[in-house]
4 protein chains.
Amino acid sequence: MTHSKEPARTREAGAKRRRLMEAAADVVHRQGAERTTIADIARAAEVPVGNVYYYFKTKDELVAAALSEHERHLNLLVSELNRLPDPRERLKGLIDGWAGQRDLAVRHGCPTGSLAAELGKRDEGGLDVEAGRVIRLLLTWVEDQFRELGRPDPEGLALTLVGAYQGMSLLANALRDPGVVDRECARLTAWIDSFEAA
Amino acid sequence: MTHSKEPARTREAGAKRRRLMEAAADVVHRQGAERTTIADIARAAEVPVGNVYYYFKTKDELVAAALSEHERHLNLLVSELNRLPDPRERLKGLIDGWAGQRDLAVRHGCPTGSLAAELGKRDEGGLDVEAGRVIRLLLTWVEDQFRELGRPDPEGLALTLVGAYQGMSLLANALRDPGVVDRECARLTAWIDSFEAA
Amino acid sequence: MTHSKEPARTREAGAKRRRLMEAAADVVHRQGAERTTIADIARAAEVPVGNVYYYFKTKDELVAAALSEHERHLNLLVSELNRLPDPRERLKGLIDGWAGQRDLAVRHGCPTGSLAAELGKRDEGGLDVEAGRVIRLLLTWVEDQFRELGRPDPEGLALTLVGAYQGMSLLANALRDPGVVDRECARLTAWIDSFEAA
Amino acid sequence: MTHSKEPARTREAGAKRRRLMEAAADVVHRQGAERTTIADIARAAEVPVGNVYYYFKTKDELVAAALSEHERHLNLLVSELNRLPDPRERLKGLIDGWAGQRDLAVRHGCPTGSLAAELGKRDEGGLDVEAGRVIRLLLTWVEDQFRELGRPDPEGLALTLVGAYQGMSLLANALRDPGVVDRECARLTAWIDSFEAA
DNA sequence: CATGAATGAGGTTTCATTCAT
DNA sequence: CATGAATGAAACCTCATTCAT
């Protein structure tokens, strides 16, 4: 109880890989992929540095793991929202989720968006494409909601909504101002409400 | 005078600093601050590596120089737009400018925004605050236009407009899709047009 | 008995060690001792990495096992050749064997010779001596044939013949040219034929 | 005089690169390319480890430098021998050179040959081809001598002579026996002498 | 100021070997 | 004996920064 030094193996096998993925997602979100060292992630996951490579052969694989964690979280959120009967409520639920993560956005931006921006600076590795794929998952889901609502140009509306989210996250982070998220989320919610029923 | 090796110091004296700033802004935009080395910037500016330090004492100062280049460009743009008599036309001119930089945004995102996102991952150095300041310059100018247009909540409108720009830049870059910029710029222009005259 | 996981231990028991030795000989010949990892050998032998250490306590023991495999092959070849009644035919049979392994020599050199060269770079471990011992086995056998042929200085002739083999293997490998083996083997055969009967 | 710590820069600029090449050739000959670390070479050249990379971007470039040193030595030797008027004397001079390096061959084998053998184990990098090129330089020169002597099949004779050298070097090294070089060099000299004048 | 060269801290990665089950 | 997982020592390499000329 005093030390966490006790062998983690006894608890559950395979949990380490999960711990590493979560640590990678978290640390990369906070520090950025370039500034994050393997040692940072290893420390956060309470795993010896050398052991990390048993689970992930390169640093890039760890970054990919962070990305897939964000994908997992997105899928969880979407599953949750899909239980709501009304697409309008689903979209407003999504926006509520963004509002709820306000402080995280202020400190570090959108996890997926800021990672995508960083990976987009690379010329090789293909991780940039992977990031685009995760973002497109959200876009497609949002588009589906607008379509179900019977709105014309659901693809454009999805771009506008998700773009607004990425924009507010970046501004809130750059200005260190939580009010940005509050205002924009309120505006977006009102925007959704302004749509007449199908 | 004796050697032809003698450089035209007086002629190029100030030019080197300028070249370094421009190179820093360009290379950092393309590669990101972390992935950019001093040697990269020196090469792009055609300045010997060892010489860089006479103009910029640290790498952070070079990043700050990149930021100030973006600030300079912003000021130039704003000066240009301020010549237009109508604030509505000024805002539409701003949006036209974004549309005109579409391909750059697709490849590397908004220069200031992506740099701000990267610097926001740092805990020290204060460059993140500097980036926020540059972004705020744009926000304030946009806000002034909305105010002059007589719109209520000009600050919120500015956040929405600039946020939309940051969002479209990030999405266009992540998806490698120029259409994102086209669509959103068209929408924003229509949005501005939807405001009645003061 | 309860689980089908139960392996046929008794059946495969000794086979694993044999598989590991063969894999070591093969992989070390192709990649060299230094570039070969325990994992490489384990994979080639289809033995779990952690299990290797029950058969070979160190990597050096595996290299020694590779050497002893080459020794075993040499002994098999010599036994075969010893069935021939004429020492001249035995020597020519040896050369034929070299010619038959031409393509292997072009790709990776003589298994024993290239391993001896690599081990000769070491200052410790004694494996270099072991490699010399295996090579001397061949030398002694060849010497015996020349002696039986009644040639003067059989030791010198053996050095010449085996040296020619090592030289052609190295050159064929370095030049990636199978013709080297063809030419030299033909020459050596003619050389043997040039000796008058005892 | 007591310490060699004094800045080497004062002596001659550019000498460091030369020192590194020589150290690489020497250490790689003694330890083999795989067992040689950058630190080993740096120490032998009295250069800080980090500085090595200013001159050679990768370890492979250092190995290539070692190879080119051997090429340089070969060219020097050949230039020397070319001063002799008689091709027979030139070839015997070459063999005398081998005999003179007897002890080095016993300890570490032929510098070029053992390096070629090691590089031949690689699948990538192209250094193996480079090693073959250097060996071919010697072959071609020897071939030219035999041709000038008016012997038939000069290419085959060159293969035989150079192959004998590589073979004796490998055997002498594997057996740790200088006598191998003595005997074989004597035999080769007699062989050359056995050719009638053109 | 100018410049190629120097330096060392720190990061990524590999791998022989050991250990818990 | 069997096995996946663990460990840490070392190797390669990068780069911001400094220095000698």
Side-chain angles (χ1 to χ4, degrees), chain A residues 7-10 13-17 34-42 47-62, chain B residues 5-7 9-10 12-14 16-17 34-42 47-63, chain C residues 5-7 9-10 12-14 16-17 34-42 47-63, chain D residues 7-10 13-17 34-42 47-62:
Chain A
R9 259 161 285 139
T10 40
K16 234 183 224 186
R17 190 188 167 82
E34 301 296 339
R35 290 181 82 85
T36 295
T37 72
I38 302 278
D40 289 336
I41 296 173
V47 166
V49 189
N51 196 10
V52 171
Y53 284 86
Y54 183 79
Y55 297 97
F56 300 96
K57 276 189 286 294
T58 64
K59 182 181 175 182
D60 269 16
E61 280 192 19
L62 264 172
Chain B
K5 191 72 193 245
E6 185 89 324
R9 276 177 204 167
T10 34
E12 279 203 283
K16 268 192 194 174
R17 185 169 223 280
E34 300 297 338
R35 291 180 83 87
T36 295
T37 70
I38 302 275
D40 287 336
I41 296 172
V47 167
V49 193
N51 201 357
V52 172
Y53 283 81
Y54 279 94
Y55 300 98
F56 301 95
K57 274 191 286 290
T58 65
K59 183 182 176 183
D60 271 14
E61 283 191 18
L62 266 171
V63 175
Chain C
K5 190 74 193 235
E6 186 89 323
R9 277 176 203 167
T10 36
E12 280 203 285
K16 267 193 193 175
R17 185 168 224 279
E34 299 298 338
R35 291 180 83 85
T36 295
T37 70
I38 302 274
D40 287 337
I41 297 173
V47 167
V49 194
N51 200 357
V52 173
Y53 283 82
Y54 279 94
Y55 300 98
F56 302 95
K57 275 192 285 292
T58 66
K59 183 181 176 182
D60 270 14
E61 283 191 17
L62 265 171
V63 175
Chain D
R9 259 160 287 141
T10 39
K16 235 183 224 186
R17 190 187 167 83
E34 301 297 338
R35 289 180 82 85
T36 296
T37 72
I38 303 275
D40 289 336
I41 297 173
V47 166
V49 189
N51 195 12
V52 172
Y53 286 88
Y54 184 80
Y55 297 96
F56 301 94
K57 275 188 286 293
T58 63
K59 182 182 175 182
D60 269 16
E61 280 192 19
L62 265 172

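The sequence lines fix the lettering, A, B, ..., with proteins before strands; numbering per chain opens at 1.
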Applying a 3.5 Å limit to both distances, which nucleotide forms a Watson-Crick or G-U wobble pair with [N]?
{"N": "F/dA10", "result": "E/dT13"}
{"N": "F/dC15", "result": "E/dG8"}
{"N": "F/dA20", "result": "E/dT3"}

Give the rounded distance in Å between these two atoms: [atom1] of [X] and [atom2] of [N].
{"X": "C/Asp40", "N": "E/dT14", "atom1": "CG", "atom2": "C1'", "result": "12 Å"}
{"X": "A/Ile41", "N": "E/dT13", "atom1": "CD1", "atom2": "P", "result": "11 Å"}
{"X": "D/Phe56", "N": "F/dT14", "atom1": "CZ", "atom2": "P", "result": "15 Å"}
{"X": "B/Leu62", "N": "F/dC15", "atom1": "CG", "atom2": "P", "result": "15 Å"}

| Taking for each residue the nucleotide of DNA chain E bearing the nearest heavy atom, is the 5' side occupied by A/Lys59 or by C/Thr37? |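 Going by which nucleotide is closer to the 5' end, it is A/Lys59.
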| query | Between A/Asp60 and C/Asp60, who's closer to the 5' end of DNA chain E by nearest nucleotide? | reply |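 The answer here is A/Asp60.
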| request: Would you mind telling me which residue lines up with the more 5' stretch of DNA chain F, A/Gly50 or D/Glu34, judged by nearest nucleotide? | output: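 In this pair, the answer is A/Gly50.
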| field | Whichever of B/Ile38 and D/Val49 has its nearest DNA chain F nucleotide further upstream toward 5' | value |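 Between the two, 5'-proximity favours D/Val49.
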| field | Atom of A/Ala42, atom of A/Val52 and distance for their closest heavy-atom approach | value |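 So the two residues come closest at CB-CG2, 3.7 Å.
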| D/Glu34 to D/Lys59 - nearest heavy-atom pair and separation |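 Smallest interatomic distance, heavy atoms only, reads O-NZ, 3.7 Å.
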| task | Give a yes/no on whether any side-chain N or O of C/Asn51 is located under 4.0 angstrom from OP1 or OP2 of F/dT3. | result |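 Checking F/dT3 against C/Asn51, a side-chain N or O does come within under 4.0 Å of OP1 or OP2.
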| query | So, is B/Lys16 near the phosphate of E/dA2, with a side-chain N or O under 4.0 Å from OP1 or OP2? | reply |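 Answer is yes, contact under 4.0 Å.
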| query | C/Ile38 versus C/Phe56: any side-chain heavy-atom pair under 4.5 Å? | reply |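 Contact flag for C/Ile38/C/Phe56 side chains = no.
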| said: Any heavy-atom pair between the side chains of A/Leu62 and A/Ile41 that's under 4.5 Å? | reply: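 The answer is yes, as the side chains (C-beta and beyond) meet within the 4.5 Å cut-off.
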Out of [options], whichever nucleotide has its closest atom nearest the side chain of [X]:
{"X": "C/Tyr54", "options": "E/dT12, E/dA20, E/dT7", "value": "E/dA20"}
{"X": "C/Tyr55", "options": "E/dT7, F/dT17, F/dC1", "value": "F/dC1"}
{"X": "D/Tyr53", "options": "E/dA2, F/dC12, E/dA6", "value": "F/dC12"}

| task | Supply the atom-to-atom distance D/Arg17 CZ to D/Tyr54 OH, rounded to the nearest 0.5 angstrom. | result |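 It is 10.5 Å, given to the nearest 0.5 Å.
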| task | Could you tell me whether B/Lys57 contacts a base, only the sugar-phosphate backbone, or nothing, with contacts defined as non-hydrogen atoms closer than 4.0 Å? | result |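 Since no nucleic acid heavy atom lies under 4.0 Å of B/Lys57, the category is nothing.
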